[in-house]
Amino acid sequence: QVQLVESGGGLVQAGGSLRLSCTYSGRIFILDAMGWFRQAPEREREFVAAITWTGGSTLQKDSVKGRFTISRDNAKNTVYLQMNSLKPEDTAVYYCAADTRSPWVTKTTTQLPHTSAEYDYWGQGIQVTVSS
C-alpha cells in the first residue's frame with residue numbers, strides 16, 4: 001500500500017512562512033513526479049507546484065511563483081513546499097500527490113503533471129491558515 005503523509009501545516013500571519021513536507025511509503029516502481037495541490041472552502045482543488053523526481057524540474061502556479069519553492073529529498077522519499085510571503089488567499093487544505101508508473105508503461109509526455117487526474121496517490125491533506 002502506498003501512503004503519503006503531509007506535515008508542517010498550521011496557522012501563520014500574512015507575510016510569514018511555512019514548510020510543508022510529504023513523505024511517501026510503500027511500493028512504487030517508478031516515481032515520475034510529486035506535486036502539491038490545495039483546496040480552499042467552496043473552491044475546486046487547484047494545482048500549486050510539481051517536481052520531477054529524477055531531474056528536479058519544477059512547475060508552479062503563476063500566483064505562487066517567487067513565493068513558493070518545491071523541492072525533494074529522494075533519499076528520504078520526501079517532497080517539500082517552502083511557502084514564503086504567505087497571503088490570506090493561500091489559506092487552504094494542501095495535498096501532496098504522487099505521479100507513478102509501472103516499468104512496462106511508456107511515459108507519453110514530458111510535461112509536468114498539473115491536473116489531479118495525472119496523479120495516482122494522495123495524502124490526507126493538511127490545513128494551512130494565513131491570517132490577515
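V93 and Y121 sit in two unconnected hydrophobic clusters of ILVMFWY residues. Membership requires side-chain heavy atoms under 4.5 Å apart, directly or through other members. Hydrophobic clustering places V12 together with L20 (ILVMFWY residues linked when any side-chain heavy atoms are closer than 4.5 Å, directly or through intermediates). Connection of V79 to V2 is established within a shared hydrophobic cluster, with ILVMFWY side chains joined at heavy-atom distances below 4.5 Å, either directly or through further cluster members. L81 and V64 fall within a single hydrophobic cluster, where Ile, Leu, Val, Met, Phe, Trp and Tyr side chains are chained together by heavy-atom contacts under 4.5 Å. Residues L86 and F37 are members of separate hydrophobic clusters, defined by side-chain heavy-atom contacts under 4.5 angstrom among Ile, Leu, Val, Met, Phe, Trp and Tyr.
Residues Q60 and I70 are in side-chain contact: their nearest non-hydrogen atoms beyond the backbone lie under 4.5 Å apart. The shortest distance between side-chain heavy atoms of Y24 and C96 does not fall below 4.5 Å. With contacts defined as side-chain heavy-atom distances shorter than 4.5 Å, the pair W36/F68 does not qualify. Counting heavy atoms from C-beta on, the side chains of I30 and K107 never come closer than 4.5 Å. Considering only heavy atoms from C-beta on, T100 stays 4.5 Å or farther from F29 through its side chain. Inter-residue side-chain proximity for R45 and W122 is flagged as met; some heavy-atom pair is nearer than 4.5 Å. The shortest side-chain heavy-atom distance between Y94 and E6 does not fall under the 4.5 Å cut-off. The side-chain heavy atoms of M83 and V48, taken from C-beta on, include no pair separated by under 4.5 Å.
We find that K87 and D90 are not joined by a salt bridge, their nearest charged nitrogen and carboxylate oxygen being 4.0 Å or further apart.
No option in I51, T69, T52 other than I51 meets the side chain to side chain contact (heavy atoms under 4.5 Å, CB included) test with T58.
Rounding to the nearest 0.5 Å gives a distance of 7.5 Å between CD1 of I28 and CG of N77. Here the straight-line distance linking atom CZ of R101 with atom CG of D32 works out to 4.0 Å at 0.5 Å rounding.
Checked against side chain to side chain contact (heavy atoms under 4.5 Å, CB included), S21 has the following partners two or more places apart in sequence or in another chain: S7, R19, T78, Y80. Applying the side chain to side chain contact (heavy atoms under 4.5 Å, CB included) criterion to T91, with sequence neighbours excluded, gives Q127, T129, V130. Under the side chain to side chain contact (heavy atoms under 4.5 Å, CB included) criterion, Q111 pairs with T109, H114, not counting sequence neighbours.
Between M34 and Y119, the closest heavy-atom pair is C-CE2, 4.1 Å. Heavy-atom minimum distance, L4 versus A98: CD2-N, 3.8 Å. Across every non-hydrogen atom of S17 and Q82, the tightest pair is CB-NE2, 4.0 Å. S63 and R38 get closest at one heavy-atom pair: OG-NH2, 3.9 Å.
The backbone N or O of A92 lies less than 3.5 Å from no partner atom in the side chain of Q39, so there is not a single donor-acceptor pair. Here the side chain of N74 pairs no donor or acceptor atom with the backbone of T54 at under 3.5 angstrom.
The environment of CD in E89 is crowded: more than 12 heavy-atom neighbours from other residues, nucleotides or ligands sit within 6.0 Å.
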